[in-house]
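Report on the following structure.
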Amino acid sequence: MSVEAARQHRGPRSSAPLGDPEFGNPEWIWRNGSLIPWADARVHVNAVGHASVSAVFEGVKAYLSADGTRLLAFRLDDHLDRLARSARICRLDLPYTRERLRAAVLDLLRINGYAEDVYIRPWVFPSGVIREQMVPAGTRCDVVVDTWPFRSGLSGGDSCRATVSSWIRVGDASAPPRAKAFSNYHNGRLALIEARENGYDWPIMLNERFKVSEGPAACVAIVRDGTIITPSLTSGLLESITRDTVLALAAGMGIPVQEREVDRSELYLADEIFFMGTAWEILPVTSVDRLSVGAGRVGPIASLLRTEYDRLVRGRADHHGEWLTELPLPGGE
């Protein structure tokens with residue numbers, strides 16, 4: 001269904017119990033080339049299990065501009081390119097081009113009428129009822145884009161307490177972490193459960209070489225003597241777009257950066273530590289394994305980066321405008 005056709009068939013916003021209790025459900029979702037009512041986007045229960053094993057997805061954020069006139073989808077093309085790379089690694093058929101998916105995202109944001117920060121999730125999963133545990137390569141796939149509002153933590157003083165997990169991060173020789181596959185997140189889920197049960201907020205995972213890898217859904221960086229140090233992409237990481245953004249911002253601010261292997265003990269000697277990811281944005285760590293990080297509060301470099309990241313995604317920075325895909329709001333053109 002086109003945007004105009006969808007507008008003509010607009011119904012009440014769904015309030016089904018599956019929705020977010022704070023925000024409810026959107027009115028529309030995009031599936032296989034069409035805008036359809038959210039409540040009609042269904043699959044049979046038997047289509048859920050095995051198809052989920054190989055499913056890949058993206059997480060994209062569209063921020064309300066500082067002047068309130070536009071939504072700014074941050075690095076949308078880069079996220080869609082990574083979705084295609086993940087599908088390739090997992091041998092899934094993604095039948096839509098980046099340009100078609102970009103148009104789908106913008107159509108969906110427009111028809112749902114958002115005038116607030118929005119999380120966007122494009123995802124790809126094998127179609128129909130899959131009875132084979134090992135989903136064959138090239139299986140026909142569904143492609144869905146869904147959305148929901150979120151609250152950014154960039155302007156606040158949020159921080160967290162971390163622990164080094166006993167769970168080892170999956171590696172490229174087992175379940176490649178550079179593919180953003182749903183199945184990879186079970187590894188991080190186990191680490192998160194362990195951390196929460198032991199009184200921490202988030203885990204930091206080591207790789208099979210017992211070097212620092214990443215958190216359950218975000219990359220990690222430390223600061224020592226004014227230099228940002230972050231594990232290399234061969235340390236068991238998702239090829240993080242937020243990580244790339246932060247390193248570019250740091251370089252532009254004259255902050256030295258190193259990408260290399262990081263030892264566990266360096267976490268205990270760091271002046272600052274922070275997570276970085278689309279969902280978490282930039283989240284400082286104030287303690288690791290109950291040892292204070294620096295002064296035990298948000299450090300100056302993480303604070304500077306968070307402020308600059310917020311300026312960038314809100315359209316107030318004078319650089320990297322190519323990372324923002326604009327959608328004017330009604331009355332805001």
Side-chain angles (χ1 to χ4, degrees), residues 56-63 71-83 85-86 105 117-123 150-156 158-160 162 169 177-181 184-185 188 192 201-205 212-223 228-253 255 257-259 262 272-285 298-299 301-317 319-325:
V56 299
F57 74 105
E58 270 303 316
V60 190
K61 281 185 172 177
Y63 290 84
L71 282 179
L72 304 173
F74 187 60
R75 300 195 65 169
L76 177 59
D77 283 354
D78 292 319
H79 280 283
L80 296 176
D81 285 344
R82 189 173 65 181
L83 180 70
R85 294 196 298 269
S86 295
V105 167
D117 294 345
V118 184
Y119 189 88
I120 305 155
R121 182 178 60 183
W123 48 302
F150 75 93
R151 287 198 172 91
S152 172
L154 287 170
S155 60
D158 293 349
S159 62
C160 69
R169 182 67 176 134
R178 61 170 36 91
K180 196 172 177 67
N184 282 350
Y185 280 72
L192 176 58
D201 299 313
W202 295 103
I204 295 173
M205 304 182 74
V212 174
S213 180
E214 61 179 5
C219 290
V220 65
I222 67 173
V223 178
I228 295 174
I229 305 167
T230 189
S232 64
L233 290 177
T234 54
S235 295
L237 312 185
L238 176 71
E239 292 188 344
S240 167
I241 292 167
T242 308
R243 175 185 178 277
D244 181 73
T245 300
V246 168
L247 297 188
L249 292 179
M253 298 165 72
I255 302 171
V257 172
Q258 294 180 12
E259 298 180 66
V262 176
E272 299 183 46
I273 301 175
F274 55 87
F275 290 114
M276 44 192 171
T278 296
W280 300 11
E281 298 166 326
I282 298 173
L283 179 64
V285 177
V298 177
I301 288 181
S303 182
L304 279 172
L305 288 170
R306 190 151 60 176
T307 298
E308 189 61 19
Y309 193 94
D310 185 61
R311 291 182 67 249
L312 175 60
V313 299
R314 301 288 179 191
R316 291 186 285 120
H319 53 81
H320 292 301
E322 73 279 5
W323 285 346
L324 304 175
T325 302

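Predicted model, so just to flag it, every value in this text is computed and none were measured.
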Quiz prompt | Flag for T242-T245: side-chain donor and acceptor within less than 3.5 Å | solution = no
Quiz item: Just by modelled atom types, is the L249 backbone N or O under 3.5 Å from a matching donor or acceptor in the E308 side chain?
Solution: no
Practice problem: Please check if the side chain of S86 supplies one atom and the backbone of K180 the other of a donor-acceptor pair under 3.5 Å. | Solution: yes
Quiz item: Do any N or O atoms from the side chain of R82 and from the backbone of E239 form a donor-acceptor pair under 3.5 angstrom?
Solution: yes
Exercise. Would you name the heavy atoms of V60 and P122 that are closest together and state the gap between them?
Key: CG2-CD, 4.3 Å
Quiz item: Do you know which two heavy atoms are closest between P177 and R169, and how far apart they sit?
Solution: CB-NH2, 3.8 Å
Practice problem: Show the numbers, then the answer: is there a side-chain contact (heavy atoms from CB on, under 4.5 Å) between S155 and R314? | Solution: CA-CA 11 Å; S155 60; R314 301 288 179 191; over 6 Å; no
Quiz prompt | Criterion salt bridge (charged side-chain N to carboxylate O under 4.0 Å, His left out) on D81 and R75, from CA distance to verdict | solution = CA-CA 10 Å; D81 285 344; R75 300 195 65 169; over 6 Å; no
Quiz item: What residues form a ring pair (Phe, Tyr, Trp, His ring centres under 6.0 Å) with H319, not counting sequence neighbours?
Solution: none
Quiz item: Salt bridge between E281 and K61, side-chain N to carboxylate O under 4.0 Å?
Solution: yes
Quiz item: Passes side-chain contact (heavy atoms from CB on, under 4.5 Å), I222 versus V212? Steps please.
Solution: CA-CA 10 Å; I222 67 173; V212 174; over 6 Å; no
Quiz item: Roughly how far, to the nearest 0.5 Å, is CG of N184 from CZ of R178?
Solution: 11.5 Å
Quiz item: Between atom CD1 of I301 and atom CD1 of I282, what is the distance when rounded to the nearest 0.5 Å?
Solution: 12.0 Å
Practice problem: State, to 0.1 Å, how close V223 and F274 come at their nearest heavy-atom pair, and which atoms those are. | Solution: CG2-CE2, 4.0 Å
Quiz item: Would you say the side chain of E214 lies within less than 4.5 Å of the side chain of F275, judging by non-hydrogen atoms?
Solution: no
Exercise. For the pair T230 (side chain) and V220 (backbone), establish whether a donor and an acceptor sit closer than 3.5 Å, ignoring hydrogens and angles.
Key: yes
Quiz item: Do side-chain atoms of S213 reach the backbone of G236 as a donor and acceptor pair under 3.5 angstrom?
Solution: yes
Quiz item: To the nearest 0.5 Å, how far apart are CD1 in I241 and CE in M276?
Solution: 13.5 Å
Quiz item: What distance separates E259 CD from I228 CD1, expressed to the nearest 0.5 Å?
Solution: 11.0 Å
Exercise. For the pair W280 and W202, name the ring-plane relationship: parallel under 30°, tilted 30 to 60°, perpendicular over 60°.
Key: tilted
Self-check item: Atom of V285, atom of A162 and distance for their closest heavy-atom approach
Solution: CG1-CB, 3.7 Å
Quiz prompt | Sub-4.5 Å side-chain heavy-atom contact between P203 and P216 | solution = yes
Quiz item: Under a 4.5 Å cut-off applied to non-hydrogen side-chain atoms, are L233 and R243 in contact?
Solution: yes
Quiz prompt | Spacing of CG belonging to L154 relative to CG belonging to L305, to within rounding of 0.5 Å | solution = 11.0 Å
Quiz item: Stepwise, does the side-chain contact (heavy atoms from CB on, under 4.5 Å) test hold for L72 with W323?
Solution: CA-CA 9 Å; L72 304 173; W323 285 346; over 6 Å; no
Quiz item: With a 4.5 Å heavy-atom cut-off, do T278 and H79 have their side chains touching?
Solution: yes
Quiz prompt | Stepwise side-chain contact (heavy atoms from CB on, under 4.5 Å) test for D158 and R306 | solution = CA-CA 11 Å; D158 293 349; R306 190 151 60 176; 4.3 Å; yes
Practice problem: Locate the shortest heavy-atom distance separating Y185 from L238; write the atom from each residue and the value. | Solution: OH-CD2, 4.3 Å
Practice problem: For P231 and L237, work out which heavy atoms get closest and say how close. | Solution: O-CD1, 3.4 Å
Exercise. Find the distance between CG (D201) and CG (L283) and round it off to the nearest 0.5 Å.
Key: 8.0 Å
